[in-house]
Amino acid sequence: MKILENFAIVLIGFSYSFLVYNKIAFGIALSLGILLLIITNLRTLIYQVKKNFEQIKKLDLAVITLMFVSFSISCFLSIKSERSIAVLIYLILFIIFSISIFAILKEKNEILRSILKLFTISIFLNLLAILIYNISSYNGGELIKFKGIMNVISLLTIMNFYFYKSKLNYLSLTLLLPNIFFTGSSASILGTISGIVTCFIFFILRNIIKNISIKLSFSIIFIFLITPLLIIFSKQLPQKFDRISIDNFQHSIPLQIVDIHRQFIWGFSIGKIKNKFLFGYGPDTSNFIEGSQQEIGLNNNDYNTGDMNFIPSHPHNFIVELMLETGVIGSALFILFILIINIRVLKLCNSLESKIFFIFLNAYFWGSSLVNFSFWLGWWQGSYYLLLSLVASKVKQDRSKF
């Protein structure tokens with residue numbers, strides 16, 4: 001059993017090296033590693049699940065149940081039921097795996113430390129391999145081979161300063177910067193900025209504004225201010241999609257903020273939300289909506305969309321994608337679900353360092369998801385739940401030391 005456990009540690013610890021090689025290899029390595037970890041620590045898992053199940057609040061359980069009921073209805077009504085059911089199964093597995101990892105690793109300090117040590121080595125080797133490729137292939141333009149992967153590699157590099165204290169982390173950070181430059185990974189930059197700004201706001205609320213009621217009032221005022229701004233922003237996106245309207249469209253949102261492709265993608269997607277407002281078109285089906293595969297065809301002296309479709313593969317914004325595919329009900333319940341999980345983990349955090357890195361993780365992931373991958377992309381979504389469970393496990397073990 002010890003051999004299988006060590007094999008699981010290696011597979012999980014080097015899982016992102018498999019991702020650099022191939023996304024399917026990543027999925028196989030990580031899934032097999034987690035399954036072996038569960039098998040070799042089954043007694044610990046069963047005990048922890050029984051122990052903690054009674055502590056789940058009824059309201060939390062109700063929200064989770066309603067979310068899956070809503071997603072199931074969206075799958076049933078989906079324009080591509082087979083795709084929707086598949087990604088819903090993936091979501092359930094991600095959550096089960098993350099709960100299992102947390103239940104085991106919070107009690108197994110030596111396993112957690114071994115995984116995080118291998119994480120540290122893996123991150124450095126990944127960045128070194130990517131940099132060698134980028135330097136050898138550089139021809140003056142962006143190198144797209146590792147552009148998407150750089151988003152999660154950047155997050156891992158920063159988060160590892162919390163996971164595992166090592167001088168190797170500084171070398172990894174040094175390698176990260178030129179890799180972002182070579183790949184032009186704007187999502188990595190947006191995620192990092194989102195993380196820093198959110199942590200700065202948290203720091204202000206924590207250290208300057210002491211009164212809880214003032215903090216709550218500040219949060220409510222912020223929500224009331226941001227909502228009309230988002231509405232105004234959405235009104236500046238393309239509203240009509242006939243040939244004449246497209247050819248005569250004049251952007252008012254600077255292209256440095258949102259490129260012309262995304263302005264049409266978001267405008268078209270938002271316009272379709274109202275057609276299936278409650279439960280959406282079905283998870284992972286946005287590019288099958290009628291008219292979504294039509295070429296935008298905008299071409300003038302200032303900008304063009306090339307052969308870009310109205311929804312090339314997904315809306316490139318997780319909020320728009322959720323609203324479009326699961327409706328207002330599914331989106332609201334999912335946001336509540338994420339809040340419930342994160343509030344519980346945040347309550348475990350007993351140091352400023354753990355709180356800062358935990359907040360950074362969420363701000364980075366959801367911030368970069370505003371312009372980046374599909375919400376249903378397996379390795380991206382799975383990475384969030386994996387990192388969340390690792391943070392929670394380390395926080396829990398750090399608490400037990402005091």
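For reference, positions follow the sequence shown, starting with 1. Atom set for the values below is all heavy atoms of this structure, side chains included, hydrogens, waters and symmetry mates excluded.
- From Phe318, atom CZ reaches atom CG of Leu370 across 5.5 Å, with rounding to the nearest 0.5 Å.
- Residue pairs meeting the side-chain hydrogen bond (donor to acceptor under 3.5 Å, both in side chains) criterion with at least one member in residues 268-283, sequence neighbours excluded: Asn275-Tyr281.
- More than 12 heavy atoms of other shown residues, nucleotides or ligands fall within 6.0 angstrom of atom CD1 in Ile92.
- Nearest heavy atom pair, residue Leu37 against residue Ile104, reads O-CD1, 3.7 Å.
- Looking at Asn287 and Ser313, their side chains never bring a donor and an acceptor atom within 3.5 Å of each other.
- Side chain of Ser98 to backbone of Ile95: a donor-acceptor contact under 3.5 angstrom is found.
- Aromatic ring pairs are classed by plane angle as parallel below 30°, tilted from 30° to 60° and perpendicular above 60°; the pair Phe360 and Tyr364 is tilted.
- The minimum heavy-atom distance linking Ile341 with Leu388 is given by the pair CG2-CD2, 3.5 Å.
- No donor-acceptor distance shorter than 3.5 angstrom exists from the side chain of Gln263 to the backbone of His251, with no hydrogens or angles considered.
- Within the 4.5 Å cutoff, side-chain heavy atoms of Trp380 are placed close to those of Asn151.
- Of the N and O atoms on the side chains of Trp366 and Ser194, not one donor lies less than 3.5 Å from an acceptor on the other residue.
- Of the inter-residue distances, the one linking Ser166 atom OG with Lys117 atom NZ reads 9.0 Å to the nearest 0.5 angstrom.
- Checked against salt bridge (charged side-chain N to carboxylate O under 4.0 Å, His left out), Arg243 has the following partners two or more places apart in sequence or in another chain: Asp247.
- Heavy atoms only, all atoms of each residue included: Val20 and Ile149 are closest at CA-CD1, 4.2 Å.
- Side-chain N or O atoms of Asn317 include one that pairs as donor or acceptor with a backbone N or O of Val320 at under 3.5 Å.
- Residues meeting the ring pair (Phe, Tyr, Trp, His ring centres under 6.0 Å) test with Tyr162, sequence neighbours left out: Phe357.
- In this structure, the side chains of Thr40 and Phe7 stay at 4.5 Å or more apart for every pair of heavy atoms.
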Check the pair Phe288 / Gln293 against side-chain contact (heavy atoms from CB on, under 4.5 Å), numbers first and verdict last. CA-CA 7 Å; Phe288 292 94; Gln293 292 305 294; over 6 Å; no
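- Note that CG of Leu156 is 8.0 Å distant from OG of Ser122, once rounded to the nearest 0.5 Å.
- In this structure a side-chain-to-backbone donor-acceptor pair under 3.5 Å is missing from Gln397 to Val395.
- Pairs engaging residues 253-274 under the ring-ring contact (aromatic ring centres under 6.0 Å, His included) rule: Phe241-Phe268, Phe249-Phe264, Phe268-Phe310 [sequence neighbours left out].
- At distances below 3.5 Å, not a single donor-acceptor pair connects side-chain atoms of Thr326 with backbone N or O atoms of Gly280.
- Of all the heavy atoms in Tyr16 and Ser383, the pair that sits closest is OH-OG, 2.7 Å.
- More than 12 heavy atoms of other residues, nucleotides or ligands sit less than 6.0 Å from atom CZ of Phe337.
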Given ring pair (Phe, Tyr, Trp, His ring centres under 6.0 Å), test Tyr21 with Phe26 step by step and report yes or no. CA-CA 8 Å; Tyr21 173 71; Phe26 167 74; over 10 Å; no
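- Note that the OG atom of Ser114 and the CD1 atom of Ile12 stand 11.0 Å from one another [nearest 0.5 Å].
- Thr157 and Ser172 share no side-chain donor-acceptor pair at under 3.5 Å.
- Within 6.0 Å of the CD atom in Glu290, the count of heavy atoms belonging to other residues, nucleotides or ligands does not exceed 12.
- Smallest separation of non-hydrogen atoms from Gly367 and Leu190: O-CD2, 3.5 Å.
- Formation of a donor-acceptor pair under 3.5 Å by the His316 side chain with backbone atoms of His314 is found in this model.
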Please step through side-chain contact (heavy atoms from CB on, under 4.5 Å) for the pair Ser70 and Phe279, ending with a clear verdict. CA-CA 7 Å; Ser70 176; Phe279 295 104; 3.9 Å; yes
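- Asn362 places a side-chain N or O within 3.5 Å of a backbone atom of Phe358 that can act as its donor or acceptor partner.
- In this structure, a donor-acceptor pair under 3.5 Å is absent between the side chains of Ser286 and Glu321.
- Residues Leu88 and Ser72 are in side-chain contact: their nearest non-hydrogen atoms beyond the backbone lie under 4.5 Å apart.
- Contact check for Phe375 versus Ile319: no side-chain heavy atoms found under the 4.5 Å cut-off.
- The CD1 atom of Ile260 sits 10.5 Å away from atom CD1 of Ile265, with the distance rounded to the nearest 0.5 Å.
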Apply side-chain contact (heavy atoms from CB on, under 4.5 Å) to Ile135 and Phe182, showing your working. CA-CA 8 Å; Ile135 292 174; Phe182 281 120; 4.0 Å; yes
Worked verdict on Leu177 versus Phe181 for side-chain contact (heavy atoms from CB on, under 4.5 Å): CA-CA 6 Å; Leu177 299 177; Phe181 167 76; over 6 Å; no
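- Taking a 6.0 Å sphere around OH of Tyr138, one finds it holds more than 12 heavy atoms contributed by other residues, nucleotides or ligands.
- The side-chain hydrogen bond (donor to acceptor under 3.5 Å, both in side chains) pairs that include a residue from residues 177-189 are Asn134-Asn179, Ser154-Ser188, Ser185-Ser188, where partners are two or more places apart or lie in different chains.
- No cation-pi contact links Lys355 to Phe202, judged by a cut-off of 6.0 Å to the six-membered ring centre and 45° from its axis.
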Does the ring pair (Phe, Tyr, Trp, His ring centres under 6.0 Å) test come out yes or no for Tyr133 and Phe146, once each step is laid out? CA-CA 9 Å; Tyr133 169 84; Phe146 296 109; 5.3 Å; yes
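- Side chain of Ser331 to backbone of Leu322: a donor-acceptor contact under 3.5 angstrom is found.
- Sorted by first and then second residue, the side-chain hydrogen bond (donor to acceptor under 3.5 Å, both in side chains) pairs involving residues 83-95 (not counting sequence neighbours) are Ser78-Ser84, Arg83-Asp284.
- Between the side chain of Ser351 and the backbone N or O of Ser354 there is at least one donor-acceptor pair closer than 3.5 Å.
- Of all the heavy atoms in Leu168 and Thr120, the pair that sits closest is CD2-O, 3.8 Å.
- The closest side-chain heavy-atom distance from Asn309 to Ile296 is not below 4.5 Å.
- Atom NZ of Lys165 has more than 12 heavy atoms from other residues, nucleotides or ligands within 6.0 Å.
- How far CG of Leu176 is from CG of Asn169: 11.5 Å, rounded to the nearest 0.5 Å.
- A donor-acceptor pair under 3.5 Å links the side-chain atoms of Ser368 to the main chain of Phe365, judged by distance alone.
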